[in-house]
Amino acid sequence: VKQQRKHWLFVGNTVHDEIRLRYEGLKHVANASADVKVDLVQIEMMAFSETLKKAEEYLQGGDRPDAISPFQTLLPWQ
């Protein structure tokens, strides 16, 4: 929010409580700012090949995020 990012992407398996709570916390922060959107890429298995496949599928939609949260850390998309 402080960096003016408006489209966030969370990557993780929200079946796991810790990951789900992180996602819910991120959504809570985003909801406090009316113009912030959060997408979720649900990853069943955190192996590189699975993550790459899901990321490619997401990016084919053309709507790219300007911040990515991979399970724990919010990173700016460059």
Side-chain angles (χ1 to χ4, degrees):
V1 174
K2 289 180 184 178
Q3 295 180 358
Q4 306 293 318
R5 308 296 180 172
K6 304 294 182 194
H7 185 184
W8 303 349
L9 172 63
F10 185 88
V11 179
N13 187 345
T14 57
V15 170
H16 301 287
D17 289 338
E18 180 180 348
I19 304 300
R20 180 184 48 78
L21 290 171
R22 289 177 188 272
Y23 175 61
E24 289 174 358
L26 188 68
K27 285 192 336 184
H28 179 77
V29 171
N31 290 339
S33 180
D35 56 346
V36 175
K37 173 184 175 183
V38 179
D39 290 341
L40 170 65
V41 170
Q42 183 78 291
I43 306 289
E44 298 297 322
M45 184 175 65
M46 300 313 236
F48 176 79
S49 58
E50 174 74 9
T51 304
L52 178 61
K53 177 184 169 192
K54 293 290 186 174
E56 289 175 336
E57 290 171 2
Y58 172 82
L59 291 173
Q60 286 177 359
D63 193 17
R64 296 184 183 249
D66 56 13
I68 301 173
S69 181
F71 336 139
Q72 301 177 20
T73 307
L74 189 64
L75 303 172
W77 180 264
Q78 299 289 327

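Keep in mind that this is a model prediction, so the values were computed, not measured.
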Atom pair [atom1]/[atom2] of [X] and [Y] - distance to nearest 0.5 Å:
X     : Y     : atom1 : atom2 : result
Leu21 : His28 : CG    : NE2   : 13.0 Å
Thr51 : Glu56 : OG1   : CD    : 11.0 Å
Leu40 : Leu26 : CG    : CG    : 10.0 Å
Asn13 : Ile43 : CG    : CD1   : 8.5 Å
Lys37 : Leu9  : NZ    : CG    : 10.0 Å
Phe10 : Glu24 : CZ    : CD    : 10.0 Å

If every non-hydrogen atom of [X] is compared with every non-hydrogen atom of [Y], which pair is closest and at what distance?
X     : Y     : result
Trp8  : Ala30 : CZ3-CB, 3.7 Å
Glu50 : Met45 : CG-O, 3.1 Å
Gly12 : Gln42 : O-OE1, 2.7 Å

Exercise. Could you go step by step and tell me if Lys6 and Asp35 meet the salt bridge (Lys or Arg N to Asp or Glu O under 4.0 Å) rule?
Worked result: CA-CA 6 Å; Lys6 304 294 182 194; Asp35 56 346; 2.9 Å; yes
